[in-house]
Amino acid sequence: MTKVITYGTYDLLHKGHIRLLERAKQLGDFLIVGVTADCFDRSRGKINVQQSLMERIEAIRATGLADQIIVEEYEGQKIDDIKKYDVDIFTVGSDWVGKFDYLNEFCKVVYLDRTQGISSSDIRSEFRNIRIGVIGESPIINKFIKECGYVNGVSIAGICSEDTSKLDLNALPLPLITNRIDKLLPCSDAIYVISRPEKHFGIIKEAFDFGKHVLCESPVTLKISDYYTLKAIADEKGLVLMDGVKTAYSTAFERLVLLVKGGIIGDVISIDSTCTSMEKFALYGEQEFKYLWNSITEWGPTALLPVFDILGTNYTDCHIITKLLAPSSDFDLFTKILLIYPHAVASVKIGQGVKSEGDLIISGTNGYVYVPAPWWKTDYFEVRYENSTQNRRFFYQLDGEGIRYEILSFVEQIESKIKNARISNNISSQTIKLIEDFYSKKFIEI
Ligand code: C2G
């Protein structure tokens with residue numbers, strides 16, 4: 001009996017996939033089809049897969065072409081499978097020609113012509129065509145627009161900006177560049193806001209008036225009452241208001257929180273979270289670039305995320321210690337926040353004008369989690385114990401600093417009726433409350 005094996009994601013099964021499977025089956029007497037697991041697809045950069053593993057397996061089963069279905073979960077598994085199932089032929093579409101020649105050591109490798117004119121990506125883009133208007137002046141916009149290219153069915157409607165000096169406009173094909181938001185909104189389905197935080201409320205309110213969904217760099221507003229006003233409008237109009245902290249969409253961070261909540265280091269007693277970066281302040285010092293955010297708005301939401309995600313937001317006391325650029329200024333060069341909980345404490349250090357080690361340390365009664373700098377865009381963390389032989393290391397792919405996952409989550413929120421935002425309203429509102437306290441001068445100045 002000649003055994004044939006082939007692998008694929010098989011998302012939104014179409015005739016190209018089926019033709020491949022039919023010809024693979026003709027190569028032998030027994031066809032094994034390996035369907036890729038969600039985490040394996042994500043690790044190899046396929047983030048747009050719409051169907052779950054079970055849905056994709058069922059679709060393959062329904063074709064009646066597979067004699068056996070297995071799941072592909074890790075890099076290198078093909079060699080294991082070929083040996084384990086005593087496979088004679090490995091086959092895959094010609095878009096992979098050359099990539100699997102190394103398997104010739106274990107079995108015959110056959111590349112079958114790919115069916116032209118159809119792909120899962122094209123099908124996804126037929127289902128989805130979301131035009132995102134971008135509003136702001138930050139150089140992060142360059143990354144955001146580039147990352148949109150990795151999300152099927154998303155395009156950039158244009159940019160509304162008061163100062164485009166930090167934007168790579170020639171690198172980006174943009175249908176519209178304006179400084180008028182009422183020009184951008186009509187040609188957008190949704191907007192991404194990264195303008196100065198004090199302008200967020202007005203911009204989002206206008207976007208809601210035009211019936212547009214909003215992804216806003218955190219903090220969404222500077223006043224908690226404004227945040228509740230916007231949430232009420234969004235709920236009433238059935239619009240999405242999503243808080244954009246890209247770290248929340250990094251697999252490493254998501255898994256870290258789940259492991260800690262699952263007790264991997266025992267009870268969490270202390271969290272030390274540091275986010276500093278002198279880069280922008282050195283480049284655009286406050287005098288020259290009035291759009292530079294201060295430390296509490298630039299880094300506060302990110303640095304507070306692990307604290308609120310793991311310890312919650314019911315702290316009993318809060319101390320804010322800050323170093324201002326000048327006595328009368330709102331621009332904090334450095335701020336330290338101490339949050340006291342009934343059975344834990346958290347220390348958050350943030351700085352646009354002060355440099356420190358940007359790591360994250362979560363201390364527990366059985367061990368601790370160490371995330372090296374820059375922890376907020378890490379693909380790696382360690383769980384460490386007194387007996388270091390028990391230490392464990394975790395790696396998770398992180399493409400584009402997490403921005404493409406954030407965009408994907410935004411469009412999925414728009415399409416689905418279930419609003420299961422990665423950042424809860426509670427975390428968003430409590431972050432805003434702390435920032436509002438800062439602006440109300442509820443701090444100790446050093
Ligand atoms: N395919 C095809 N014609 C198309 C689209 C896909 O012949 N129009 C083939 C691909 O070449 C592949 C199989 O159908 O052999 C499954 O395609 P995908 O679901 O896109 O998965 P892919 O990531 O290409 O799978 O490790 C090998 C990869 O997992 C191959």
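From a predicted model like this one, the values you see are computed outputs, not experimental measurements. Remember, it's 1-based here, ligands and their atoms both numbered in the order they're listed.
Using cut-offs of 30° and 60° on the angle between ring planes, the pair Trp96 and Phe100 is tilted. Ring orientation note: the planes of Phe253 and Trp375 are tilted relative to one another, at an angle of 30° to 60°. Using cut-offs of 30° and 60° for the angle between ring planes, the Tyr396 and Phe394 rings count as parallel.
Closest to atom 9 (C) of ligand 1 among all protein heavy atoms lies Leu20 CG, 3.9 Å. Closest to atom 20 (O) of ligand 1 among all protein heavy atoms lies Lys46 NZ, 3.5 Å. The single protein non-hydrogen atom nearest to atom 19 (O) of ligand 1 is Tyr10 N, 2.7 Å, given as residue, atom name and distance. The protein non-hydrogen atom at the shortest distance from atom 6 (C) of ligand 1 is Arg114 NH1, 3.4 Å. Looking from atom 15 (O) of ligand 1 to the surrounding protein, the closest heavy atom is Gly93 N, 2.9 Å. For atom 21 (O) of ligand 1, the closest heavy atom belonging to the protein is Thr9 N, 3.2 Å.
Where the criterion is an N or O separation shorter than 3.5 Å, residue side chain and backbone included, Asp11 fails it with respect to ligand 1.
Aromatic rings from Trp293 and Trp299 are positioned such that their centres are separated by 6.0 Å or more.
The two atoms that bring Ala157 and Leu184 nearest to each other are C-CD1, 4.3 Å, heavy atoms only.
For the salt bridge (charged side-chain N to carboxylate O under 4.0 Å, His left out) test with Asp189, the passing option among Arg131, Arg128, Lys212 is Arg131; the others fail.
The contact set between ligand 1 and Ile118, taken as ligand atoms under 4.0 Å from a residue heavy atom, comprises 4 (C), 8 (N). The contact set between ligand 1 and Gly8, taken as ligand atoms under 4.0 Å from a residue heavy atom, comprises 16 (C), 21 (O), 25 (O), 29 (O). Distances below 4.0 Å separate heavy atoms of His14 from the following atoms of ligand 1: 4 (C), 5 (C), 8 (N).
Residue pairs meeting the salt bridge (Lys or Arg N to Asp or Glu O under 4.0 Å) criterion with at least one partner in residues 378-391, sequence neighbours excluded, are Glu382-Arg384, Glu382-Arg393. Applying the salt bridge (Lys or Arg N to Asp or Glu O under 4.0 Å) definition to pairs two or more places apart or across chains, those involving residues 233-257 are Glu254-Arg422.
Ligand 1 has no atom lying under 4.0 Å from any heavy atom of Gln116. Distances shorter than 4.0 angstrom occur between a heavy atom of Arg44 and an atom of ligand 1.
With a 4.0 Å cut-off on non-hydrogen atoms, Asp95 touches ligand 1 through its side chain and not its backbone.
Of all the listed residues (Arg19, Lys78, His17), Lys78 holds the heavy atom that lies closest to atom 26 (O) of ligand 1.
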